[in-house]
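Note that the structure is a prediction, hence the values are computed from the model and not measured.
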Amino acid sequence: MSVDLAVSVSVLAGIVVLSETTRRLLVTVLADTGLAVYAVELVSTFQLCACTHELKLLAEVGRIEPRLALTLTYLASVVHALTCSGAVVNPTGTLARAFRNELSSRCALRLIACQFAAACAARAVVPVVWTVGLSDLHLRHKLLGFRCLSPIRAPLPQASALEFTCAFTVQTVISHTRALEEKYRVHVIAAVTSILVYTGGSVTGAVFNPALAFSTQFRCSGNTFPEYCLVYWLGPVLGMTGSVLLFDKVIPRLSSVPPPDRAQEETRKRK
């Protein structure tokens, strides 16, 4: 297993290095075209999805220890946050920025299209890498026909509620850590992500990213496409929406209302 682990870590490192090289090249080439932001989104989402495929293989087929899986999840989250700076890599995050008028509707739709295109590309490319047979783990997965079973191990309402909660939590953390220096912020977000994966991984896989789920979960047997949409698309979108509405609309509005005694005093003064 140590050899399989070493190979998988090497594959992860190769994906990150290749993605970073491609990202920098495209930013230079497309600097004056206005397309660089979409190229970065495309490459960054591909990096996230491809790495998650390999981590998922290690956890489900390689059966690595939960503590090791959690450590790799944390390290991968940190690396992605540092290398994919400027990219959203999550449709719910893109929608949140659109709701806050940080992005135009057209720009948001283009970014989401790039995210799902990258998710499809990762789902097609990663099995090709496994076919090469760099490790016994890859060969074993190939012999099994790259079989994948649904990670949903709870009734659909409960599974959707879990993805809702994860998305709500992550969106809230992202929104409330903007004042932190980036070198500290990435660790906070990575820690929260790892905790959520550890807590909800046995129920749905704790993906809370519609594009990532489309790449890694939708091809698995055990549930239908509408059921996957309910859990991995509707749940996270509602979770993100709930966070944005609560902290951007509801709480600020409530905090601007004077206390009852103060309101009565102001009414008396007006009379």
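Val3 has its side chain out of reach of Ser135: every pair of non-hydrogen atoms, C-beta onward, lies at least 4.5 Å apart. Looking at heavy atoms from C-beta onward, Ser77 lies in side-chain contact with Thr193 at the 4.5 angstrom threshold. Looking only at side-chain heavy atoms (C-beta outward), Leu246 and Phe168 come within less than 4.5 Å of each other. Here the side chains of Ser8 and Leu137 are in contact, with some heavy-atom distance below 4.5 Å. The closest side-chain heavy-atom distance from Phe208 to Thr92 is not below 4.5 Å. Taking 4.5 Å as the limit, every side-chain heavy atom of His187 sits out of range of all side-chain heavy atoms of Glu182. A heavy-atom distance below 4.5 Å is found between the side chains of Val88 and Gln115. The shortest distance between side-chain heavy atoms of Leu48 and His80 falls below 4.5 Å.
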> Val170 and Leu196: side-chain contact (heavy atoms from CB on, under 4.5 Å), yes or no, with the steps?
Replying inline: CA-CA 9 Å; Val170 170; Leu196 292 173; 3.5 Å; yes
> Yes or no on side-chain contact (heavy atoms from CB on, under 4.5 Å) for Thr28 and Leu25, after CA distance, side-chain angles and deciding distance?
Replying inline: CA-CA 5 Å; Thr28 302; Leu25 178 63; 5.5 Å; no
> Could you go step by step and tell me if His176 and Ser243 meet the side-chain contact (heavy atoms from CB on, under 4.5 Å) rule?
Replying inline: CA-CA 11 Å; His176 287 76; Ser243 176; over 6 Å; no
>> For Leu5 and Leu68: C-alpha separation, side-chain torsions, deciding distance, then whether side-chain contact (heavy atoms from CB on, under 4.5 Å) applies.
In response: CA-CA 10 Å; Leu5 178 61; Leu68 178 57; 3.7 Å; yes
>> Under the criterion side chain to side chain donor-acceptor pair (under 3.5 Å), I'd like the reasoning laid out for Ser194 against Thr73: C-alpha separation, chi angles, the key distance, then a yes or no.
In response: CA-CA 6 Å; Ser194 300; Thr73 299; 5.7 Å; no
> What's the verdict on side chain to side chain donor-acceptor pair (under 3.5 Å) for Glu54 and His138, showing C-alpha distance, side-chain angles and the deciding distance?
Replying inline: CA-CA 10 Å; Glu54 189 68 26; His138 290 176; 2.9 Å; yes
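Of all heavy-atom pairs between Thr33 and Ala36, the closest is OG1-N, 4.4 Å. Contact record, Pro127 with Thr131: O-OG1, 2.7 Å, taken as the closest heavy-atom pair. Across all their heavy atoms, Cys49 and Leu212 have their closest contact at CA-CD1, 3.7 Å. Closest heavy-atom contact between Val231 and Pro236: O-CD, 3.3 Å. Contact between Val207 and Ala213 at its shortest, heavy atoms only, is CG1-N, 3.6 Å. The two residues Pro252 and Asp248 make their nearest non-hydrogen contact at CG-O, 3.5 Å.
Atoms OG and CG, on Ser19 and Leu42 in that order, are 10.0 Å from each other to the nearest 0.5 Å. In this structure, the separation between CD on Glu60 and CG on Leu149 is 8.0 Å, given to the nearest 0.5 Å. Taken from CZ in Arg23 to OG in Ser44, the straight-line distance is 4.0 Å, to the nearest 0.5 Å. Put simply, OG1 on Thr241 and CG on Leu95 are 7.0 Å apart, with the number rounded to the nearest 0.5 Å. Separating the OG1 atom in Thr94 from the CD1 atom in Ile112 is a distance of 5.5 Å, to the nearest 0.5 Å. To the nearest 0.5 Å, atoms CD (Gln47) and CG (Leu18) are separated by 9.5 Å.
Placement of Val244 and Val192 in two distinct hydrophobic clusters is found when ILVMFWY residues are connected by side-chain heavy-atom separations under 4.5 Å, directly or transitively. Leu139 and Val128 fall into different hydrophobic clusters, where Ile, Leu, Val, Met, Phe, Trp and Tyr residues are linked whenever their side-chain heavy atoms come under 4.5 Å apart, directly or through other members. There is a path of hydrophobic side-chain contacts, each under 4.5 Å, that joins Ile64 to Val61. A continuous path of ILVMFWY side-chain contacts below 4.5 Å connects Tyr228 to Phe164, so both sit in one hydrophobic cluster. Placement of Leu156 and Tyr232 within a single hydrophobic cluster is found when ILVMFWY residues are connected by side-chain heavy-atom separations under 4.5 Å, directly or transitively.
Checked by atom type and distance alone, the side chain of Arg97 never pairs as donor or acceptor with a backbone atom of Leu103 at under 3.5 Å. The main-chain N or O of Gly62 is never found under 3.5 Å from a side-chain atom of Asp4 such that the two would form a donor-acceptor pair. His53 places a side-chain N or O within donor-acceptor distance of the main-chain N or O of Ser215, the cut-off being under 3.5 Å. Checking side-chain atoms of Asn223 against main-chain N and O of Ser150 turns up no donor-acceptor pair under 3.5 Å. Looking only at distances, no side-chain donor or acceptor of Arg253 sits under 3.5 Å from a matching main-chain atom of Ile251.
By the neighbour-count criterion of 12 heavy atoms within 6.0 Å, atom CZ of Arg219 is densely surrounded, having more than that number from other residues, nucleotides or ligands. Dense packing is recorded around CZ of Phe218, with more than 12 heavy atoms of other residues, nucleotides or ligands lying under 6.0 Å away. When the shell of 6.0 Å around OH of Tyr184 is examined, it contains 12 or fewer heavy atoms from other residues, nucleotides or ligands. Heavy-atom neighbours of Arg178 CZ from other residues, nucleotides or ligands within 6.0 Å: above the threshold of 12.
Electrostatic pairing of Glu20 and Arg24 counts as a salt bridge here, judged by a charged N lying under 4.0 Å from a carboxylate O.
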N/O donor to acceptor pairs below 3.5 angstrom from side-chain atoms of residues 104-111, sequence neighbours left out:
unit_1	atom_1	unit_2	atom_2	d
Ser104	OG	Cys107	N	3.2
Arg110	NH1	Tyr38	OH	3.3

With a 3.5 Å cut-off and sequence neighbours excluded, list the donor-acceptor pairs that the side chains of residues 116-123 form with protein atoms.
unit_1	atom_1	unit_2	atom_2	d
Arg123	NH1	Phe214	O	3.1

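Within the structure, disulfide bond (SG atoms under 2.5 Å apart) contacts touching residues 71-102 (residues at least two apart or in different chains) do not occur.
No donor-acceptor contact under 3.5 angstrom links the side chains of Trp233 and Glu163, judged on distance only. Between the side chains of Thr52 and Thr216, not a single donor N or O lies within less than 3.5 Å of an accepting N or O.
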